[in-house]
Number of protein chains: 2
Amino acid sequence: MADEVEREADVGVLSALVGYHLRRATNVVAADFARSLSETGVRQVLFGVLSVVERNPGINQGSVGRSLGIQRANMVALVNELVERGLVDRRVSAEDRRAFALSLTDEGKCAYADCLARIRAHEDSVLGDLDTRERKRLIALLSRIEAKES
Amino acid sequence: MADEVEREADVGVLSALVGYHLRRATNVVAADFARSLSETGVRQVLFGVLSVVERNPGINQGSVGRSLGIQRANMVALVNELVERGLVDRRVSAEDRRAFALSLTDEGKCAYADCLARIRAHEDSVLGDLDTRERKRLIALLSRIEAKES
DNA sequence: TATTGTTATACTCTATAACTATA
DNA sequence: TATAGTTATAGAGTATAACAATA
């Protein structure tokens, strides 16, 4: 007799639905991201903001939000958090006094580099089964879904 | 002169990170799912439960949760919701008096079928750019990430 | 009038710890 | 001692509406 192995229940029609697998895979990656960067206190969304500000010094909050699909209202707390931690510099824009110009502080640049190194290790770990070509193929497929944003 | 087109800011290194694209694509699909099924009141997770119960009549809550990656504690409210709506029948298990045996009511079977039809339309709409082969390839790639669940 | 940032608020998903009743 | 379900609670992401200041 073989060992009695506790098998997991069949999820039914879900297994053929892209949305289901997207959710599951995203949760796995998000959980590993959180573990891998727990020491830094930087979460996925926060790193997103850091990345956009790093690439576009002087950009304003609204533009960051639009590029990441984050609502203006939700940007406020995120930027507050980064400013309070000393990672982002926020000053009234010279061209538009309603807007804030965001940029990374020196500390922010260090944190960004540190996080990026950890994220690369995390992706290599959680995507270990996928080679470079497969990862690119995956990103290409996902990008075509993202383009459907309403 | 060409029209002044408002272009979105470059997201920087994010564009090469699988985790970022997973999050964005998942959010796009989830938002479209919510719109497409708003009349039914059935959310992604709820349909997940319906699908597992449909496939495994008499299954208990814990097993449903394990198969979907949902914690026991979080299953309670979900099953309560489905029972209160009359979609799921919950009765003490004959074999184990600690457990509940779950199954779909007739109304639950109708709701399941109705939701599934809407979900197929939703996936065809939000994944319209991907042909069958590409969707399968995507699911295969995602499944390999899911397998990394800790 | 439209836009930037803000506040307030609500909903959902996920996570942990501690409890009970059964096994 | 382990498991099924429960309760309470907390953190995080996302969504909408309304407001003040500025364009």
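The analysis underlying the following values was restricted to heavy atoms, covering all of them including side chains, and did not include hydrogens, waters or symmetry mates. Lettering follows sequence order; numbering is per chain, from 1.
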| query | Which whole-number value in Å describes the distance from A/Glu81 CD to D/dG13 C1'? | reply | 12 Å
| message | Please tell me if B/Arg23 has a side-chain N or O lying less than 4.0 Å from either OP1 or OP2 of D/dT14. | response | yes
| query | Under 3.5 Å, is there a donor-acceptor pair linking the side chains of A/Ser93 and A/Asp96? | reply | no
| Sugar-phosphate, base or nothing in reach of B/Gln61, heavy atoms under 4.0 Å | sugar-phosphate
| request: Extract, from 5' to 3' on DNA chain C, the first and final nucleotides lying under 4.0 angstrom from some heavy atom of chain B. | output: C/dT12 to C/dA23
| said: Could you work out, with salt bridge (Lys or Arg N to Asp or Glu O under 4.0 Å) as the rule, every residue matching B/Lys148, not counting sequence neighbours? | reply: A/Asp129
| Are A/Asp124 and A/Arg120 within salt-bridge range, i.e. N to O under 4.0 Å? | no
| said: What is the separation between atom CE on A/Met75 and atom P on D/dA12, rounded to the nearest whole Å? | reply: 17 Å
| query | When the distance from CG of A/Leu46 to C1' of D/dT14 is rounded to whole Å, what number comes out? | reply | 15 Å
| request: For B/Ala101 and for A/Arg43, find the nucleotide of DNA chain D with the closest heavy atom, then tell me which residue's nucleotide is more 5'. | output: B/Ala101
| note | Comparing nearest nucleotides in DNA chain D, the 5'-proximal residue of the pair B/Asn74, B/Ser63 is B/Ser63
| task | Nearest whole angstrom, please: distance from the C1' of D/dG5 to the CD1 of B/Ile70. | result | 15 Å
| request: Would you mind reporting whether A/Val29 and A/His122 have side-chain heavy atoms less than 4.5 Å apart? | output: yes
| said: Determine whether a donor-acceptor pair (N or O, by modelled atom type, separation under 3.5 Å) exists between the side chain of B/Gln44 and the backbone of B/Ala30. | reply: no
| said: If the threshold is 4.0 Å, N to carboxylate O, is there a salt bridge linking B/Glu149 and A/Arg24? | reply: yes
Report each atom pair, protein N/O against N/O of nucleotides 17-22 of chain D, whose distance is under 3.5 angstrom.
residue : atom : partner : partner atom : Å
D/dT22  : O2   : A/Arg98 : NH1          : 3.4

| task | Mind calculating the distance between CG (B/Asn60) and C1' (D/dT6) to the nearest angstrom? | result | 14 Å
| query | If you look at every strand shown and take non-hydrogen atoms under 4.0 Å, does A/Val79 touch a base, only sugar-phosphate, or nothing? | reply | nothing
| query | Please give, in whole Å, the distance from D/dT14 P to B/Gln44 CD? | reply | 13 Å
| remark: From CG of B/Leu102 across to P of D/dA4 the rounded distance in Å is 13 Å
| field | Any donor-acceptor pair under 3.5 Å from A/Arg97 side chain to A/Val92 backbone | value | no
| Is the backbone N or O of B/Ala121 less than 3.5 Å from a side-chain atom of B/Ser125, with the two atoms forming a donor-acceptor pair by type? | no
| Honestly curious: do A/Leu17 and A/Leu138 fall in one hydrophobic cluster under the side-chain, below-4.5 Å linking rule? | no
| field | Value in whole Å for how far the P atom of D/dT6 lies from CG of B/Leu78 | value | 11 Å
